[in-house]
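Note sheet for the following structure.
Keep in mind that this is a model prediction, so the values were computed, not measured. We count ligands from 1, going down the list as the structure has it; atoms in each ligand are counted the same way. All heavy atoms count here, side chains included; hydrogens, waters and symmetry mates do not. Here, residue 1 is the first one in the sequence, and each next residue gets the next number.
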Amino acid sequence: MAKRVETKELTEVSEAQIAVHWKEEEYYQPSEKFKAQAYLRDPRIFERFGLDRFPDCFKEYADMLTWFEPYRTVLDTGDAPFWKWFVGGKINACYNCVDRHLDKYKSKAAFIFVPEPENEPDVVIKYQELYSRVNEVAALLRGLGLKAGDRVTFHMPMVPELPITMLACARLGIIHSQVFGGFSGQACGSRMQDSGSRVLITMDSYWRNGTLVDHKANADIAVRAAKDLGQDVDKVLVWQRYPGKYSAKTPMVSGRDFFVNDLLKDYKGKQVEPVALASEGPLFLMYSSGTTGKPKGAQHSIAGYLSYVTATSKWILDIHPDDIYWCMADIGWITGHSYIVYGPLANAATSVLYEGVPTFPDAGRPWRIAERLGVNIFHTAPTAIRMLRKLGPQEPRKYKYHFKSMTTVGEPIEPEAWRWYYDEVGKREAVITDTWWMTETGGFLGTTVPAIHPMKPGSCGPGAPGIHPVIYDETGAEVPKGSGKAGNICIRNPWPGIMQTIWGDRDRYVKTYFAKYNKKPKSKDWRDWPFMCGDGAVQAADGYYRILGRIDDVINVAGHRLGTKEIESACLTVPEVAEAAVVPVQDEVKGRVPEVYIAVKPGVPHSQDIIDRVVKANEDVIGKIARPKHVYIVPDMPKTRSGKIMRRVLAAISNRRDVGDVTTLANPDVVEQIRTMVQGKAVVAAQEALPEDIAKFGEIE
Ligand code: WTA
């Protein structure tokens, strides 16, 4: 009898669910001191934001913004699942982040820029100065003929000129598309082509790990790459890291490249009225990786997005007017857009902007900055936490800062790393919110409300107010909480921060996020359109969610989403490579790193040179973050009889696990050859279970 049950469970699990064996962690309580000062303390908020109050509950979010004309409809579902929020209203994001604060806060710092070189002074930008600088840049952009609806691509580092240029675009309704500064010129160029940008805004150089990087070189590559794909770029606007001085070696192209600081001379003191834009107009695009090789441009709206990041910055990050808030992330990712720029500024916050790497020149740097500036809210990713813990576990003790609140975002955090964050970085005083969300969702989906819920290491907590998650198995059945089983986490309802569409690809939007669990494709009822987030998750009996990682072919490298197909295509640009397969490997600091297997064309001798060129191809096509840990040239890929590469088998080998039964493969012998090449002759010993994202890797096509 017992045996039968076991078999049944096994089948159920392998077909429809992922079993999760995980020790329950204990709760940590927020301090009374924190609770007493928090904005959101009343648990009845969850009644106010219950599904029965949807969508009107979100009026409260819209009320946090200043409107030029009020909206008429809270949520228009007429073009489901392309939701339109706060329809009929007129609004401007820049006005909400800058102008409306001038009366009260003009002398307050909006940004404190901390350059990477420790001997360079901070740059404080007060709201009044932010207003003037944004206006001048807006006047310049208008002078160049740019207008609402045009797309402009940025490829900028972490400097104040980045948010200034973003806000200048927002003032005019120009849709900005910032490509992470660490991405290669080619990656930037292909995103320019996809978005149809004719203007690139970049910076000559920036500091990274002690080196002044020549960044202008990437602009030339980007323009060429865009042109090869059929997109002409007319202008490259180059900010100077040191105004008045050109800090790159790459020559400026006459008639195409211009120094922003030169052009701005004609716009000194100019003011530009913020344009009254339709609520559902697009604010920006943010490209992100998915299952196919082509990155998706997530299109975010003005009013819905801004209201969502404003409300969550206030209620979850709990930013008050006299706080000094530091989100140590890059504005080139969604975290920076939502929680360095738009959310904090809409709340008139003081936001710290750090140029460089957290461990430069040593692992005490973040804590020195926090002490010097009086930072009391700190926000970062598990990869940074793991790195700082590894290189300087005792460093936080040396500095006299005090955080009241800390956030983690971007990847699952191991309970071990969480406890170091809590004990050492937070000095047991600070609350931690583990915020789970993604590029597509604009802002937090799963998180504790820090003054209401206790914390539980490794779990993000329940849904944020007004977010109603559900876990479905492969067949669409709900996985109950406390069952110990995982499935695909979805959100039952739309929310204002959700992306509007994939730029230029409505079908892909529906297919990627809704098709799997939508049973009535013609329905205009939001209840028929749960949003599939793309993560595996498990819900404990207390309602807290634990996120297991991506279920599509995405590798989360140090909190950055890289598509395996993008990496594989990059490998195939090396002419000798016939086939490439990429798998995620566990890494102590970065969480996951890609490892590459290639098969070369017949007759081509194996050589280190090919391996080197594969590594370089990844750096050139995507960026240094895509650098594989290893590249193995294998005699053949393990394949099914139908010819599909078994990435799962390679993932097991790379992660030093047993490959399991491979007898059904077309070429089982090659598995042992590859295994010895990677793991050595000895058979791997005792088996630790693979993390779920790796165990499931390669199963979804
Ligand atoms: C992962 C970053 C566990 C998740 C905001 C998601 C997390 C992907 C968490 C999105 C978290 C993000 N716990 N996993 N707190 N936050 N993730 O688009 O797999 O760069 O799907 O957005 O990161 O990454 P993205």
### Query
Can we say Arg561 and Glu440 salt-bridge, meaning some charged N sits less than 4.0 Å from an Asp/Glu carboxylate O?
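Glu440 and Arg561: salt-bridged.
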
### Task
Please determine if Glu411 and Arg386 form a salt bridge, counting it only when a charged side-chain N lies under 4.0 Å from a carboxylate O.
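Result for this pair is yes, salt bridge flagged.
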
### Message
I'd like to check the salt bridge (charged side-chain N to carboxylate O under 4.0 Å, His left out) partners of Lys629; sequence neighbours left out, ordered by chain and number.
### Response
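For Lys629 the salt bridge (charged side-chain N to carboxylate O under 4.0 Å, His left out) partners, ignoring immediate neighbours, are Asp587.
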
### Query
Hey, does Ile319 have a side-chain heavy atom less than 4.5 Å from the side chain of Pro344?
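Yes, side chains in contact.
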
### Query
What pairs of residues pass the side chain to side chain donor-acceptor pair (under 3.5 Å) test when at least one of them lies in residues 350-359, not counting sequence neighbours?
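Non-adjacent pairs meeting side chain to side chain donor-acceptor pair (under 3.5 Å): Arg241-Glu355, Tyr354-Arg365.
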
Run through all N or O atoms in ligand 1 and write down each protein N or O closer than 3.5 Å, as a pair with its distance.
residue	atom	partner	partner atom	Å
ligand 1	13 (N)	Glu411	O	3.3
ligand 1	14 (N)	Pro412	N	3.3
ligand 1	15 (N)	Asp434	OD1	2.6
ligand 1	15 (N)	Thr435	O	2.8
ligand 1	16 (N)	Gly410	N	3.0
ligand 1	17 (N)	Gly410	O	3.2
ligand 1	18 (O)	Thr439	N	2.8
ligand 1	18 (O)	Thr439	OG1	2.5
ligand 1	18 (O)	Arg561	NH1	2.8
ligand 1	19 (O)	Asp535	OD1	2.6
ligand 1	19 (O)	Asp535	OD2	3.3
ligand 1	21 (O)	Asp535	OD1	3.1
ligand 1	21 (O)	Asp535	OD2	2.7
ligand 1	21 (O)	Arg550	NH1	2.7
ligand 1	22 (O)	Thr439	N	3.4
ligand 1	23 (O)	Gly410	O	3.1
ligand 1	23 (O)	Asn556	ND2	3.4

### Task
Please identify each residue that fulfils side-chain hydrogen bond (donor to acceptor under 3.5 Å, both in side chains) with Ser197, with sequence neighbours left out.
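Once residues adjacent in sequence are excluded, the partners of Ser197 under the side-chain hydrogen bond (donor to acceptor under 3.5 Å, both in side chains) criterion are Thr153, Ser195.
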
